[in-house]
Structure formats: structure tokens, C-alpha cells
Number of protein chains: 2
Amino acid sequence: MANIQQVAQKAGVSVATVSRVLNNAPSVSPKTRLKVENAIKDLNYEPSMLGRNLRNSESRLLLVLLPSISNPFYTEIINGIQNTAIANSYNILLCETDSNPQRENIYFNMVKNKLADGVISMDPTVNMQKLNELAENHPVILCSEYEEGGSIPYVTIDNELAAYQAVKHLIKLGHDKIALINSDEKFLYARQRRNGYERALREFELPIRNEWIYHTKDLDFQNGVQAVRMLLQQEEKPSAIFAVSDTLAIGALKGINVSGLHVPNDIALVGFDNISFSNMTNPTLTTISQPMYNMGCTAAEMLISSIKEEKVESIVLDHELLIRESTMG
Amino acid sequence: MANIQQVAQKAGVSVATVSRVLNNAPSVSPKTRLKVENAIKDLNYEPSMLGRNLRNSESRLLLVLLPSISNPFYTEIINGIQNTAIANSYNILLCETDSNPQRENIYFNMVKNKLADGVISMDPTVNMQKLNELAENHPVILCSEYEEGGSIPYVTIDNELAAYQAVKHLIKLGHDKIALINSDEKFLYARQRRNGYERALREFELPIRNEWIYHTKDLDFQNGVQAVRMLLQQEEKPSAIFAVSDTLAIGALKGINVSGLHVPNDIALVGFDNISFSNMTNPTLTTISQPMYNMGCTAAEMLISSIKEEKVESIVLDHELLIRESTMG
DNA sequence: ATGAAAGCGCTAACAT
DNA sequence: ATGTTAGCGCTTTCAT
């Protein structure tokens with residue numbers, strides 16, 4: 001693989017001139033430019049990013065931290081990040097932490113080591129203290145999950161309001177025994193969505209019953225199946241379920257079917273996210289639609305601004321309640 | 001951010017000694033090592049990968065090319081690649097081409113530019129000619145989709161046999177009107193799966209009818225819905241459907257439900273891949289289980305071998321027919 | 001408009 | 001066991 005030296009030699013110019021041609025500097029005569037371009041073609045030369053990055057001390061790589069690539073919720077966000085990144089000559093490095101602190105460390109080091117110019121974290125399990133430390137010297141943006149009152153800029157939705165609306169929708173349909181399938185409340189989004197759930201119940205003077213609130217370990221389908229199994233063992237069974245993630249809701253739907261009950265006639269069901277699967281289930285799933293693509297774009301824009309040392313403000317995007325078959329009794 | 005110079009100065013040694021400490025060279029006295037380590041801590045020093053990579057002319061980054069991150073088929077493969085990569089001190093760069101040649105070019109250039117040490121392509125839409133060119137000078141491995149008789153090593157399954165087994169399973173259940181939902185036959189896997197489908201039909205002297213073979217644009221759910229809509233318009237309707245991807249099969253299931261028919265009583269259904277969602281549908285989906293995680297690990301191992309300039313051989317992994325509710329009439 | 005030369009941060013020969 | 005130094009490939013001042 002040829003280097004800039006060889007191109008310069010072949011073209012009969014200095015390396016500086018080759019560099020100028022490479023970077024479209026205006027101060028190169030058309031004649032010289034042509035000579036250099038020919039040499040580049042002849043030698044099949046490709047500039048080394050390594051040299052360029054070292055010199056410019058930038059990598060034009062953005063890190064995207066996520067707990068697991070298998071939750072479809074992230075895929076649309078990633079699309080948004082990726083498109084925005086590419087439009088700004090950045091590329092993204094998808095980093096699946098599997099909620100493993102060791103892996104997380106590897107990725108944090110990549111930023112410290114200048115192998116990446118900044119981080120977008122979508123990982124609720126991220127070590128916030130370490131992330132805050134990193135953010136002191138490097139650009140960091142939080143996407144979806146964030147820290148209340150923290151100093152790292154974020155893009156998210158109003159989780160409390162969204163959950164409130166979802167539950168209120170069930171109440172309006174006449175349900176008064178509404179269960180919640182929540183994830184671990186060490187996560188902010190889980191606490192917020194529970195608050196919304198409780199606010200709706202209180203507003204309509206319905207009791208908040210602990211035996212109708214189930215907490216899952218993570219968001220895999222299987223956790224939804226398991227949650228329903230528990231909920232249906234209760235003495236008094238709920239007539240509606242709000243799950244804080246579509247993956248959980250889809251698992252719940254499975255569990256309900258397995259136990260011989262029918263959605264929505266026996267149990268109404270609402271999910272959260274609007275992943276593409278949620279429209280393929282039978283019945284289709286009522287859910288809160290998060291603006292995932294837009295969220296990704298916004299996060300990437302914020303990060304790139306931050307890299308340019310521009311001031312960035314946190315943003316709360318709009319969501320929407322999508323009413324589908326799982327609540328159309 | 002401190003550099004190696006400053007550490008050397010602070011520790012009162014040369015940069016070479018610092019480098020030795022960094023790389024765990026045995027020839028450093030414990031006393032010196034301690035001095036250096038203290039200086040590193042004091043200055044909060046992190047070695048720059050950029051400098052190291054330039055010097056070593058390696059990036060320890062692996063490119064993973066895939067058409068779209070939203071097909072869950074890829075997520076498990078990626079898990080395998082990622083784990084293997086990390087175990088070998090590599091990281092992966094997930095590159096979604098969206099079947100867009102321009103994006104593809106960006107990624108190919110990253111390899112040429114030394115920003116990545118090698119490529120695993122899972123993208124059936126990849127420009128094979130360009131990939132072959134790249135493979136002349138850089139390590140490249142194909143995963144899942146490959147080129148028959150090509151020179152790039154691959155890891156895959158026996159698509160023809162798998163499809164044959166899937167269709168034979170339907171025939172053994174008594175079906176004699178079996179439709180195929182295939183993707184575009186410009187892809188090798190699509191041609192191979194069609195061959196398997198036809199072989200099974202011929203073996204049992206069933207006619208191959210073009211009106212029962214539907215080709216989709218891509219693998220999104222919606223294509224499966226659409227395919228069923230067409231198949232059910234036929235004068236003589238099929239009693240079973242084999243779809244070459246679970247995403248298509250799930251869409252097909254949706255389409256069948258919408259039209260008021262029942263799986264498996266009215267129409268039996270077989271998918272391909274065994275994505276996790278295929279066990280969440282109602283009914284659960286009979287499918288060909290691909291060893292996705294293992295496939296990813298194998299591809300990564302092959303690529304890393306190839307980077308070390310070791311000889312690598314193509315590998316065909318085992319698959320398995322998983323019989324579930326969608327064919328249990 | 002072009003060239004010479006310094007330097008980005010690091011590693012590895014070579015020398016001591 | 002440690003230091004000196006060249007150089008990886010590039011960009012960018014500073015001259016001319």
C-alpha cells in the first residue's frame with residue numbers, strides 16, 4: 001500500500017502538495033493537481049486515516065453504548081444516530097455492554113485513548129459515576145435513559161406522562177384492575193413510568209395494589225411470559241396489564257394465550273416503545289410510540305455539537321399513544 | 001491529556017522505558033516500574049491508541065458489514081463476533097449498508113485506510129467484485145451469504161439441505177400444495193433454498209407451480225403479509241407455506257390471521273432462522289434453527305486467523321429443524 | 001504556488 | 001536495565 005511519500009515522488013512534487021490536493025486546498029495549480037491525481041490513481045493510493053487522525057488528534061468515530069443489541073427498541077435509534085453521523089463524516093462504533101462493567105471500561109478507555117471522539121450512552125445499567133468522570137474531559141450524551149439533575153445533556157421523552165396516558169386509556173375503557181409489568185426500579189425510566197401508572201390510578205381513585213406490580217430482571221420476551229404467570233396466580237386477577245416495554249408486553253401476550261385467556265376480551269394489554277414487532281402480533285399491540293429515529297438523530301447532533309465545543313441543551317421529545325387491537329375489546 | 005513524554009519526564013526516565021512499562025516488557029527493574037506507574041497515576045495518563053496504532057500499523061478494529069441491523073437474525077451472530085473479538089483484544093465496528101453502495105464504499109475505504117484490520121461481510125447485497133478486490137490485499141471473511149467457487153473464506157450452513165428438510169417435513173404431514181415465500185433469487189441463499197424446496201417436491205412427485213412461489217423485495221415483516229395476500233388470491237390455494245426467513249414467516253402468519261384463516265389448521269407454516277421472536281408468536285413457529293452465535297464466533301476466529309496471515313478454510317455448520325405449533329395441526 | 005521541516009504519540013532497533 | 005533515535009503517515013506552519 002502506497003504512502004504519501006511515494007505519491008509525491010511519482011508526481012514529482014512534495015508531500016505537502018499531495019496533502020493539499022488530498023484536502024482540496026485552493027492553492028494548488030490545476031496542472032499540479034492533475035499530476036498528483038494521476039499519481040494517486042497509478043499507485044492506487046488511499047490516505048491512511050491513522051496518520052491523519054494522529055496528526056489531527058481526532059478519530060471521527062462515535063461510541064454508542066447499549067446494554068443489548070437484541071432489543072429492537074435500539075435498532076431504530078441506532079439508525080438515526082448512524083445516518084446523522086455519516087452525514088457529518090463520522091462513523092459509529094456500536095458497543096454492547098451486556099451490562100458488564102468490564103466491557104464498559106474497555107469502551108470508556110477507547111474514548112480516553114482518543115480512539116473515539118465522544119459517546120452516546122443508551123445503557124440504563126451504565127456506571128453513572130464513571131460516565132460523569134469521563135464527561136468531565138470528553139463529549140458525552142445520554143439517550144433515552146438519563147440522570148435527573150445530572151450535568152450530562154440528554155435526549156428523552158416524558159416517561160411519567162406517557163405511562164399516565166397509557167394507564168388512563170385503560171381506565172377510560174372501564175378497567176379498574178390494572179397490573180403493571182415494570183423493569184427494575186433502579187432505572188430512572190422504570191421509576192418514572194411507575195409514577196405515571198400510580199398517578200392515573202390515584203386520579204381515578206383506584207387502589208394501588210402491590211400484588212399487581214411485577215418487576216422483571218430485564219426486558220427479554222421471557223420475562224413477560226413469567227410476569228403474566230405470576231399475575232394470573234393472584235386471587236383477584238387483573239383485567240388489564242400495562243407493560244413498560246413492548247418486548248415484555250409481547251411475552252405477556254404469549255403468557256396470556258398459553259393460559260387460555262384472550263386479549264383483549266379477558267385481559268387488555270398496553271406496551272411501550274412501538275417496536276416493529278408490536279404491529280405483527282395477534283392481536284396487534286396498543287403501545288406508546290417513542291420517536292426512536294428522531295431520538296437517535298438528535299442524540300448524534302448533540303454529540304457532534306458537543307465535540308465542536310458548542311453548548312448543548314437537553315431535549316424532551318414527544319411520544320404518542322397508539323391504540324391497536326390489544327385494547328379494542 | 002498527558003502524553004508519554006510528560007510521564008517520562010515526571011518519572012525521570014526515557015520514553016522508551018515508559019513504553020516498556022506500558023507493554024509489560026520484562027526488562028524493567030521493579031524500582032523503575034514503580035516510579036513510572038506512579039507518574040502514570042499522578043498524571044492520569046492513558047496511552048493514545050492513535051500513536052500506537054500508527055506505529056504498529058494496526059487498528060485492532062474489525063468491520064462487520066450487514067444490510068440492516070433490524071433483522072434479529074443478525075443480532076445473535078453479532079453477539080458471537082463481538083465476544084470472540086473482545087477475547088482477542090479486537091473491537092467491532094457494525095456497519096449497516098442499507099444495501100447502499102455508497103455506504104459500502106465508506107467502509108471498504110476504512111479498511112484500505114488502515115482504520116480497520118479486516119472485514120466480516122454478512123451482507124448478501126454486497127458488491128462482490130469490489131469485495132474480491134479488497135480481499136486481495138486485506139483479510140475478508142464471508143458469514144452466512146457467500147460466493148460459490150469464490151476465493152474468500154466463508155462460514156455458512158447447508159441452505160439447500162435445510163430447505164429440503166423443512167419442505168419434506170410439510171410433505172410428511174400430508175401437504176401436497178406447498179407454497180414458497182422466497183427472497184430475491186439474486187442471492188445465493190435464496191437460490192439454494194429454492195433448490196431444496198424443489199428437490200423435496202420432486203422427490204415426492206409433487207408439481208412445482210410458479211404461482212405458489214412468491215419473491216419478496218427484502219425480509220421485512222410487511223413483505224410476508226403481502227406475500228400471503230397474493231398466495232391466497234390463487235385459484236387453488238396452498239395448504240402450507242415455507243418462508244425463507246422467520247421475519248417473512250411472521251408477516252405471513254399475520255396475513256393469514258387477517259384473512260380469517262387459522263395456522264396450522266388451514267395453512268401450515270415453516271420459517272427459517274429461529275430468531276427469538278419465532279417462539280413468541282401464536283402459534284409458535286416451526287423453523288430451521290441456524291447456529292447463529294456459533295456462526296459469529298467462527299467468523300471472528302477465521303478473520304483473526306486471517307489477520308495473523310494463517311491459512312483459513314471455509315466451514316459449513318449444522319442446522320436443525322425445530323418443530324413447533326405452526327405445523328402441529 | 002510550492003517546498004522544507006517540525007511534530008502528532010508511540011514502538012523498536014541499536015547502543016551503552 | 002535503560003537511553004537515544006528513527007520513523008510510522010500525515011498536516012501545517014513558515015519560507016521562498
Side-chain angles (χ1 to χ4, degrees), chain A residues 1-40 43-61 89 109-117 137, chain B residues 1-40 43-61 89 109-117 137:
Chain A
M1 188 101 287
N3 62 18
I4 200 171
Q5 288 267 31
Q6 298 169 275
V7 175
Q9 191 164 7
K10 176 119 187 165
V13 299
S14 72
V15 292
T17 300
V18 178
S19 175
R20 287 186 187 106
V21 171
L22 255 28
N23 295 286
N24 288 312
S27 68
V28 183
S29 77
K31 217 174 55 185
T32 313
R33 183 177 297 273
L34 201 66
K35 275 195 300 184
V36 173
E37 277 163 354
N38 284 333
I40 289 176
L43 295 173
N44 223 328
Y45 166 76
E46 302 273 353
S48 157
M49 287 298 165
L50 249 33
R52 176 174 292 173
N53 291 347
L54 174 58
R55 172 64 214 217
N56 296 342
S57 69
E58 65 168 16
S59 64
R60 299 206 80 83
L61 228 46
S89 316
N109 280 332
M110 290 186 69
V111 183
K112 294 186 191 159
N113 294 342
K114 300 276 181 194
L115 256 192
D117 295 345
N137 298 304
Chain B
M1 187 103 287
N3 64 16
I4 199 172
Q5 288 269 29
Q6 299 170 272
V7 175
Q9 191 164 4
K10 176 119 189 165
V13 300
S14 73
V15 291
T17 301
V18 179
S19 175
R20 288 188 185 105
V21 172
L22 255 29
N23 295 287
N24 287 313
S27 67
V28 183
S29 77
K31 216 174 54 184
T32 313
R33 183 178 297 274
L34 202 66
K35 276 195 301 183
V36 172
E37 278 163 354
N38 284 333
I40 289 176
L43 295 173
N44 223 328
Y45 166 76
E46 301 274 354
S48 157
M49 287 297 165
L50 248 34
R52 176 175 290 174
N53 290 347
L54 174 60
R55 171 65 214 217
N56 296 343
S57 69
E58 65 168 15
S59 63
R60 300 206 80 82
L61 227 47
S89 317
N109 279 330
M110 291 187 68
V111 183
K112 294 186 190 160
N113 294 342
K114 300 278 183 192
L115 258 193
D117 294 344
N137 298 304

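Just so it is clear: chains get the letters A, B, ... in the order the sequence lines come, proteins before strands, and each one is counted from 1. Quick caveat: nothing in here was measured; it's all calculated off a predicted structure.
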How long is the line joining CG of Leu54(B) and P of dT11(D), in whole Å?
-> 12 Å
Per nearest nucleotide of DNA chain D, the residue lying toward the 5' end, Ser57(B) or Val28(B), is Val28(B)
For atom CZ of Arg60(A) and atom C1' of dC10(D), their distance in whole Å | 16 Å
Do the side chains of Leu61(A) and Leu115(A) get nearer than 4.5 Å, heavy atoms only?
-> no
To the nearest Å, how far apart are Gln6(B) CD and dC8(C) P?
-> 10 Å
Rounded interatomic separation in angstrom, taking CG from Leu34(B) and P from dT2(D) | 12 Å
Is there a donor and acceptor pair, one atom on the side chain of Arg20(B) and one on the base of dG3(D), closer than 3.5 Å?
-> yes
Below 4.0 Å: OP1/OP2 of dT2(D) and any side-chain N or O of Ser29(B) = yes
Is Asn3(A) reaching over with its side chain to a backbone N or O of Gln6(A), donor-acceptor style, under 3.5 angstrom?
-> yes
Between Ser27(A) and Val15(A), who's closer to the 5' end of DNA chain C by nearest nucleotide?
-> Ser27(A)
Using a cut-off of strictly less than 4.0 Å, decide whether Thr32(B) has a side-chain nitrogen or oxygen near OP1 or OP2 of dT2(D).
-> yes
Assess the side chains of Asn53(B) and Ser59(B): does a donor N or O sit below 3.5 Å from an acceptor N or O?
-> no
NA contact type, Val13(A), heavy-atom cut-off 4.0 Å: base, sugar-phosphate, or nothing?
-> sugar-phosphate
Starting from C1' on dA5(C), measure out to CZ on Arg55(A) and report it in whole angstrom.
-> 11 Å
Can you find a side-chain donor-acceptor pair between Ser48(A) and Asn113(B) that sits under 3.5 Å?
-> no
Interatomic distance where CD1 belongs to Ile4(B) and P belongs to dG7(C) [whole Å] | 18 Å
Any Asn3(B) side-chain N or O less than 4.0 Å from OP1/OP2 of dC10(C) | no
Glu58(B) CD to dC10(C) P, straight-line distance once rounded to whole Å | 15 Å
Could you tell me whether Ser19(B) contacts a base, only the sugar-phosphate backbone, or nothing, with contacts defined as non-hydrogen atoms closer than 4.0 Å?
-> base
What nucleic acid atoms does Asn53(B) come within less than 4.0 Å of, heavy atoms only: base, sugar-phosphate, or nothing?
-> nothing
Would Arg52(B) and Asn23(B) count as a side chain to side chain contact (heavy atoms under 4.5 Å, CB included) if you check the C-alpha gap in whole Å, the side-chain angles of each, and the deciding distance to 0.1 Å?
-> CA-CA 11 Å; Arg52(B) 176 175 290 174; Asn23(B) 295 287; 3.9 Å; yes
Can you check the Leu50(B) CG to dC10(D) P distance for me, whole Å?
-> 13 Å
Closest to the Ser48(A) side chain, choosing from dT11(C), dG3(C), dC10(D) | dC10(D)
Can you find a side chain N or O atom of Arg52(B) that sits less than 4.0 Å from OP1 or OP2 on dG9(C)?
-> no
